[in-house]
Amino acid sequence: MKKRWLSLYVENDVGVLSKISGLFSGKSYNLDSLTVGTTEDETISRMTIGLFGNDATFEQIKKQLNRMVEVIKVVDLTSVPFHMHEILYIRLKHLTGEDKDEALRIAKIFELTVKDYGPADILLESIHAQHRNDDIIKLIRQTFKHLEIVRGGSVAIESISISAR
Amino acid sequence: MRMKGTEFFVKALIEEGVDTLFGYPGGCAIDIFDELYKQSEINVILPRHEQGLIHAADGYARATGRPGVCLVTSGPGATNLVTGIATANYDSVPLVCFTGQVPLNLIGNDAFQEVDIIGITRSICKYGITVRKREDLGKVMKEAFYIASSGRPGPVIVDLPKDIMLEEGSSQYPKNVTIRGYKPSSKVHPAQMKKALNLLDEAQKPILLIGGGVNVSGAKGELTRLVNDWKIPVITTIMGKGAIDTDSPYYVGNIGMHGCYAANMAVSQSDLLFSIGTRFSDRITGKLSAFAPHAAIVHIDIDPSSISRNIKVDVPIVSDAKNAIRTMISHDYQGDNGNWIKTIHQWNKEKPIKIKREGMAPENVIDLINEIFTEPVVVTDVGQHQMWTAQFIDMIGDTKLLTSGGLGTMGYGLPAALGAQLGCPEKDVICITGDGGVQMNIQELATAVTCGLPVTICILNNNSLGMVRQLQELFYGQRYSSTCTRRRSTCRAGCMGPNDQCPEYVPDFVKLAESYGAVGLRADNLDDAKMVLTRAKAEKGPVVIELIIDKGELVLPMVQGGMPLTEMIIHEEFTEGEGK
């Protein structure tokens, strides 16, 4: 089982998201994250899908997606360089003065943005690759007890320069 | 020119060449039926239940190769299609199903007879869409017919909100289709084909494994030429049966769970499986790791997702079966399979699919049909009779076999036979069904009578749900749970019946047929069976024939699910002296 990324161009129509996500549940494929939004062409949406699977299952998933009438193109990001980020919000609550200092230190080191601030709360925004956000969440959980986490799922686009990854 | 949606709809159907429409009206479809009333080009058939309706459209499509067209109302009309949609989807049958829908502004309100049929059927159809603008109606319909019948065919659902159909709009029906996400390819990749043919040239024990795709693409002529040219043994799946005449010297039989001994042995010893238009379902392969253990596998299929899905193949080729076979014909194959064919024939001789018995044995009953009817369309239901038909029916020339292979839908047979007869009025259509399956859509006897369809409906009655009973007999300690169709609430628990003391069987199929205005006949011996079948052939209307067979009859050989193909349970007389 390996982590894989796919990008899909699909018709921006009613029910398409449901059809794609239904494929994953109906066939017991392991869907990790899915984001969708429109592209420069408003009739086309682009999805970024993160999933776990072995080689055979991954091949089958690509074929199943490709045969859907609503899917215009399937891009396998496994073999191409791409840029990818996920937005992550962390709201830390019931903080003491000491807690706040630690939170701001973490924010600085991990390049998180402080988006909001209250007497005992801090709202942090993190825009990083998904695995880096995983690490940040792990660290924060070790340090803080009262928190809320909202993850947005990844969006990806192919690189212009080949070396970028 | 401006035109109302309903009027345009009928015009579009006529432009698509639709001559028969299977319809059941209701509140959200009434406007379309009103429009159909005004024309005479489309024959509108009224089956008695929407499930029967869609199976009839399916039978029509399989028998003619043209898309079957359904029109039903919203809500229950639409949900009753579901089983038929899945049936067609599994077996790659082109259907265009129009469902009425509540007006757009009521969608989502839980309006009377509102269901999200596109959502319900999303995973069991090729494509589904709700028409949301009157101006899209033409494009959607054109695309629906194109998607249903091109590539790997399948069912398409078009949901028609009532207000859209009443709105005025363009009367222009598009001539062409371009769908950016759907470009079925049918061309053969030459390098891949060369690789496959190289494997063939080197193989010592090659087998052509033929699936339903060859029948769907209508490649019988091409395949026959190829096989006569190459002199290579041919094995079929149930869906592929008839892709070559069953009396061809190169035809071995069916593979799989109830395949013949020689076919299952041959595949297991072959060194090259050249397969066309099959998806290697679990009923074909048995235990995957033991499937064709010595063979390289070439897999030609029009659906890329069918390739290397269940079994890993050595040479994948995405192509329409007919195109692929045409390319193969031009290959100058020099292999000599004489000894290999001899070996296979020897297996067939030692353990033939038909054993010689007296009386109403299933093979004798099917043989009567072989004898009496010429190049018929044979339609089965699902169960033991289906497997017996698949094993014993002769398929010569234009004989067709229509059967629910993938989904295994009981209740398919009778309505599908009616659809087939409507599509092929010149042909003898025989429905071979069981006492279980036929009752799942028995109401369609009314359709058969009212439409004057001369189908012969053979009910093989063994007083039980035989296929499940067989599993209970072999693998569940003869605990016949819920498989006795004679059983009543007064019967004792743990009865091994049916037996002589059983309550009367209901219904009386002969009287039932007569009450519908059909001819009802019964036979419990072969002489009578021959007589009633001969009479049925001459009748101008539907004939129901109840053929009484023994409940103990098994479908053999049998490979238990998940076992290797070589581990067959076979007739006792073949196992004498083998200690098994």
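Numbers restart at 1 for each chain; the letters A, B, ... are given by sequence-line order, proteins then strands.
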query: Which of residues 296-306 of chain B get closer than 4.5 angstrom to chain A, counting heavy atoms alone?
result: B/D303, B/P304, B/S305
- prompt: What do you reckon, is NZ of A/K73 surrounded by more than 12 foreign heavy atoms closer than 6.0 Å?
  reply: no
message: Taking 4.5 Å as the heavy-atom cut-off, does anything in residues 103-138 of chain A contact chain B, and if so which residues?
response: none
- line: When the 4.5 angstrom heavy-atom criterion is applied to A/V71 and chain B, the contacting part is backbone
task: Evaluate the side-chain contact (heavy atoms from CB on, under 4.5 Å) criterion for residues A/E59 and B/R309: first the C-alpha distance (whole Å), next the side-chain angles of each, then the deciding distance (0.1 Å), finally the verdict.
output: CA-CA 9 Å; A/E59 279 309 306; B/R309 182 181 195 177; over 6 Å; no
statement: Output for pair (A/E70 CD, B/Y127 OH), nearest 0.5 Å, gives 5.5 Å
message: Quick check on B/K139: does its NZ atom have over 12 non-hydrogen neighbours (other residues, nucleotides or ligands) under 6.0 Å away?
response: no
task: Give, as side chain, backbone, both or neither, the part of B/K126 having an atom under 4.5 angstrom from any heavy atom of chain A.
output: backbone
- request: Side-chain contact test, heavy atoms from C-beta onward, threshold under 4.5 Å: evaluate it for B/R180 versus A/Y9 and give yes or no.
  value: no
query: Applying a criterion of heavy atom separation less than 4.5 Å, what residues of residues 10-30 of chain A form contacts with chain B?
result: A/E11, A/V14, A/G15, A/S18, A/K19, A/K27
field: B/F291 CZ: over 12 foreign heavy atoms closer than 6.0 Å
entry: yes
query: What residues, two or more places apart in sequence or in another chain, satisfy side-chain hydrogen bond (donor to acceptor under 3.5 Å, both in side chains) together with B/K162?
result: B/D31
field: Closest approach of A/K63 to B/I307 (non-hydrogen atoms, all atoms of both residues)
entry: NZ-O, 2.7 Å
